[in-house]
Structures are given as C-alpha cells and as structure tokens.
Amino acid sequence: VLVITWHFALPTGEFSTDPKFRLLLESFKTVVWGMLTNEAYGKRLSVGTLTSIGGGMREAFRWFVWKGIKNVSVRRTHS
C-alpha cells in the first residue's frame with residue numbers, strides 16, 4: 001500500500017490541503033501519478049523513489065505558493 005502525505009505546513013502558516021490550494025495540489029498529484037504510471041516516455045519512477053523525491057515535491061509546492069502560482073501548468077514570463 002502506498003500512502004502519500006499531501007497535508008503539510010506552508011511557511012505562511014497555511015496547509016497544502018487548504019481549499020485555496022486545491023487546484024495546485026491536484027496538479028502535483030497528477031504529476032506524481034504520471035511519473036509513477038508513465039509507460040510512453042522514458043523510465044517511470046518506482047514507488048520506492050517517492051520517499052527521496054517527496055521532500056523536493058514539498059519544497060516545489062511551497063515555492064509555487066510563494067510565487068502565487070496556482071497550477072503547475074501556469075507559465076509566466078518575466079521581464
């Protein structure tokens with residue numbers, strides 16, 4: 001059984017599972033699921049690698065929140 005803890009604190013005192021972050025959290029879940037079930041492109045991740053990438057995913061999520069990005073598919077251009 002694979003259990004991923006998606007509920008974690010953000011630097012703002014909020015949590016990743018708060019309703020305002022629903023879209024972003026669903027985006028991250030889709031990315032992780034795609035990396036685990038990928039059959040068409042490259043090598044898919046094994047379940048065992050989730051532990052090692054989990055911290056990076058949390059930090060990426062926190063960065064997205066800090067930058068105000070609400071979905072992993074949002075692209076911004078900076079001048």
Side-chain angles (χ1 to χ4, degrees):
V1 173
L2 173 64
V3 177
I4 299 173
T5 303
W6 294 104
H7 177 82
F8 52 90
L10 301 172
T12 59
E14 299 167 296
F15 290 92
S16 57
T17 52
D18 288 353
K20 70 188 272 184
F21 303 118
R22 187 184 69 71
L23 183 58
L24 181 59
L25 186 58
E26 290 303 316
S27 298
F28 268 76
K29 288 178 180 181
T30 299
V31 169
V32 171
W33 182 251
M35 290 168 34
L36 288 171
T37 61
N38 172 48
E39 304 245 347
Y41 178 82
K43 184 178 178 184
R44 71 180 182 179
L45 295 179
S46 68
V47 173
T49 59
L50 283 179
T51 302
S52 60
I53 68 166
M57 292 297 284
R58 285 181 180 193
E59 286 307 310
F61 190 97
R62 290 178 176 119
W63 184 84
F64 273 64
V65 170
W66 177 66
K67 295 297 280 182
I69 301 170
K70 305 206 182 298
N71 186 323
V72 294
S73 67
V74 173
R75 293 183 189 173
R76 291 185 172 185
T77 57
H78 299 282
S79 47

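Basis for what follows: all heavy atoms, side chains included, without hydrogens, waters or symmetry-related copies. For the single chain, residues carry numbers from 1 onward in sequence order.
Cluster membership check: Trp63 shares its hydrophobic cluster with Val32, using side-chain heavy-atom separations under 4.5 Å among Ile, Leu, Val, Met, Phe, Trp and Tyr.
Rounded to the nearest 0.5 Å, atoms CZ (Phe64) and CE (Met57) are 8.5 Å apart.
Closest heavy-atom contact between Phe61 and Ser16: CE2-CB, 3.7 Å.
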Can I get a per-line list of side-chain donor-acceptor pairs under 3.5 Å for residues 3-13, giving both atom names and the distance, sequence neighbours left out?
residue, atom, partner, partner atom, Å
His7, ND1, Thr17, OG1, 2.6
Thr12, OG1, Glu14, N, 3.4
Thr12, OG1, Glu14, OE1, 2.7

Distance-only criterion, 3.5 Å: show the donor-acceptor pairs between side-chain atoms of residues 22-31 and protein atoms not counting sequence neighbours.
residue, atom, partner, partner atom, Å
Ser27, OG, Leu23, O, 2.9
Ser27, OG, Asn71, OD1, 3.0
Thr30, OG1, Glu26, O, 2.9

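Contacts of Thr37 classified as side-chain hydrogen bond (donor to acceptor under 3.5 Å, both in side chains), with partners at least two apart in sequence or in another chain: none.
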